[in-house]
Amino acid sequence: MTKTVRQAAHFTHPYLLNPTNPVTLNLIGCGGTGSQVLTCLARMHVSLLALGHTGLQVNVVDDDTVTEANKGRQLFADAEIGMNKAVVLVNRINRFFGTNWKAVPSRYGRDTHRDASITLSCVDNVETRYKVAELLKSRTTGENRQVYQPIYWMDFGNRQYTGQVILSTICKVEQPSSKKYSPVSELPMVTDEFKQLLDEAAGDDMPSCSMAEALAKQDLFINSTLAQMGASLLWQLFREGMVFNRGFFLNLKDFRSQPLKIT
């Protein structure tokens, strides 16, 4: 008799589905990808509210300032050159959507870390990714703090035409019993599973002096494409209560996307 193989799935932590307060979220980095992700989060927040959810409370951490090279590929204007990226974008979102999100105009680290249910990292260097992993792992205390309990980490990374988004669990997420699916409670961190790839990419994070130079390093639409697809994965966690993929690899040059299945 043939044994039926159940499809692996991860069921969303129940607090995200029915929270008593807005779900706390840290966005680390708001440059090429992060600025696009922040707009996606604002749209997600409004949509969640319309569905009777409490929405999102977002903290944006970035110590970088807007330069001439940021125009076009990132969501900044001439009048914002010289200003802090996090402050510019959060003020813009708050005015447009009526939110009360917070900007942290400092380099991410132990002194600027704030616990949140979800952490999104859109950084351009490997060192910061390891720092994020270290701090998140240190917050795995097993306490049921709900609104500030670190649960998920989603990392966005890219080169000129390629990129990836990886969803990880920070703590073990208790799964319901299922006759149809094979629930998976833990999703590995990108810094553990893809450490070799990250180490090989180290050193590719030099800043650009002009927009032309920036476009030679990262194609015009790689960031926005990653942001949209990554935000869609996050939206599935909230809207559908489960996911079958924990990320994806993208090649925009060849218009190919490969999902990273949960196993």
Side-chain angles (χ1 to χ4, degrees), residues 10-30 33-34 37-38 40-42 44-45 48-49 53-64 84-87 89-90 93-94 99-123 125-157 165-175 185-192 230-231 233-235 237-238 241 243 246-247:
H10 174 78
F11 289 84
T12 306
H13 193 292
Y15 180 71
L16 268 62
L17 302 178
N18 189 28
T20 53
N21 297 285
V23 173
T24 53
L25 187 150
N26 287 337
L27 174 60
I28 304 168
C30 55
T33 301
V37 169
L38 185 61
C40 293
L41 293 176
M44 195 179 304
H45 169 73
L48 287 171
L49 291 178
H53 193 277
T54 56
L56 305 174
Q57 178 60 42
V58 178
N59 300 311
V60 182
V61 185
D62 200 318
D63 69 333
D64 200 12
N84 175 265
K85 291 181 178 179
V87 171
L89 293 174
V90 170
I93 292 292
N94 286 344
T99 49
N100 188 29
W101 293 359
K102 306 298 182 183
V104 183
S106 304
R107 182 179 295 273
Y108 177 79
R110 192 170 298 277
D111 294 337
T112 57
H113 176 83
R114 302 179 182 183
D115 283 346
S117 297
I118 303 171
T119 295
L120 305 184
S121 53
C122 304
V123 297
N125 64 83
V126 175
E127 180 185 357
T128 303
R129 285 187 175 86
Y130 282 126
K131 190 177 297 182
V132 172
E134 177 188 356
L135 288 173
L136 290 179
K137 287 179 179 179
S138 71
R139 296 302 198 269
T140 309
T141 61
E143 300 174 6
N144 184 20
R145 296 175 291 164
Q146 290 191 331
V147 67
Y148 295 116
Q149 175 68 52
I151 304 171
Y152 293 107
W153 173 25
M154 182 180 287
D155 179 69
F156 295 71
V165 174
I166 309 293
L167 175 67
S168 312
T169 54
I170 301 167
C171 60
K172 186 176 182 179
V173 178
E174 187 174 346
Q175 300 287 286
S185 60
E186 295 179 279
L187 308 177
M189 284 190 172
V190 62
T191 48
D192 294 330
L233 178 59
L234 184 61
W235 176 245
L237 274 177
F238 282 101
V243 291
R246 55 190 179 93

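Contacts of D155 classified as salt bridge (Lys or Arg N to Asp or Glu O under 4.0 Å), with partners at least two apart in sequence or in another chain: R129. Scored by the side-chain hydrogen bond (donor to acceptor under 3.5 Å, both in side chains) test, N18 finds no partners at all (sequence neighbours excluded). Listed by chain and residue number, D63 satisfy the salt bridge (Lys or Arg N to Asp or Glu O under 4.0 Å) test with R107 (two or more places apart in sequence, or in another chain). Judged as a side-chain hydrogen bond (donor to acceptor under 3.5 Å, both in side chains), and not counting sequence neighbours, the contacts of H10 are Y152. Qualifying side-chain hydrogen bond (donor to acceptor under 3.5 Å, both in side chains) partners for T128, counting only residues two or more places apart in sequence or in other chains: N125. Residues passing the side-chain contact (heavy atoms from CB on, under 4.5 Å) test with D192 are K137, M189, sequence neighbours excluded. The side-chain contact (heavy atoms from CB on, under 4.5 Å) test applied to P14 returns no partner, not counting sequence neighbours. Qualifying side-chain contact (heavy atoms from CB on, under 4.5 Å) partners for N94, counting only residues two or more places apart in sequence or in other chains: V90, T99, W101. For the salt bridge (Lys or Arg N to Asp or Glu O under 4.0 Å) test, residues two or more places apart in sequence or in another chain that qualify with E134 are R110. Residues satisfying the side-chain hydrogen bond (donor to acceptor under 3.5 Å, both in side chains) criterion with H113, sequence neighbours excluded, are Y108, D115. Looking at residues two or more places apart in sequence or on another chain, you find no ring-ring contact (aromatic ring centres under 6.0 Å, His included) involving F11. A search for side-chain contact (heavy atoms from CB on, under 4.5 Å) contacts involving P105 returns N84, V87, not counting sequence neighbours.
Listed here is the closest heavy atom pair of S117 and V23: CB-CG1, 3.9 Å. Of all non-hydrogen atoms in T54 and P19, the two that sit nearest each other are OG1-CG, 3.1 Å. P150 approaches C171 most closely through the heavy-atom pair O-SG, 3.7 Å. The two residues T33 and C122 make their nearest non-hydrogen contact at CG2-SG, 4.0 Å. The nearest pair of heavy atoms linking G29 to D62 is CA-OD2, 3.5 Å.
Between L234 and I118 the shortest side-chain heavy-atom distance falls below 4.5 Å. Contact of the F156 side chain with the I28 side chain is not registered, since no non-hydrogen atoms from C-beta on lie closer than 4.5 Å. The shortest side-chain heavy-atom distance between W153 and L187 does not fall under the 4.5 Å cut-off. Between L38 and L27 there is a side-chain heavy-atom pair separated by less than 4.5 Å. Considering only heavy atoms from C-beta on, T24 stays 4.5 Å or farther from R114 through its side chain.
L49 contributes atom CG, which lies 8.0 Å from atom CG of L56 (distance to the nearest 0.5 angstrom). The distance from atom CG of L135 to atom CD1 of I170, rounded to the nearest 0.5 Å, is 10.5 Å. Here CZ of R246 is found 9.0 Å from CG of L167. Values are rounded to the nearest 0.5 Å. Remark: L237 CG to L16 CG distance equals 7.0 Å, nearest 0.5 Å. Taken to the nearest 0.5 Å, the OG1 atom of T119 stands 10.0 Å off from the CZ atom of R139. Q175 contributes atom CD, which lies 6.0 Å from atom OG of S185 (distance to the nearest 0.5 angstrom).
Within a 6.0 Å sphere centred on CD of E186, other residues, nucleotides and ligands contribute more than 12 heavy atoms.
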| side chain to side chain contact (heavy atoms under 4.5 Å, CB included) evaluation trace for V61 with N26 | CA-CA 7 Å; V61 185; N26 287 337; 5.6 Å; no
| task | Please test H53 against F238 for side chain to side chain contact (heavy atoms under 4.5 Å, CB included), starting from the C-alpha separation and ending with a verdict. | result | CA-CA 9 Å; H53 193 277; F238 282 101; 3.9 Å; yes
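Between the side chain of Q57 and the main chain of N100, a donor-acceptor pair closer than 3.5 Å is present. No donor-acceptor pair under 3.5 Å is formed between the side chain of H45 and the backbone N or O of G55.
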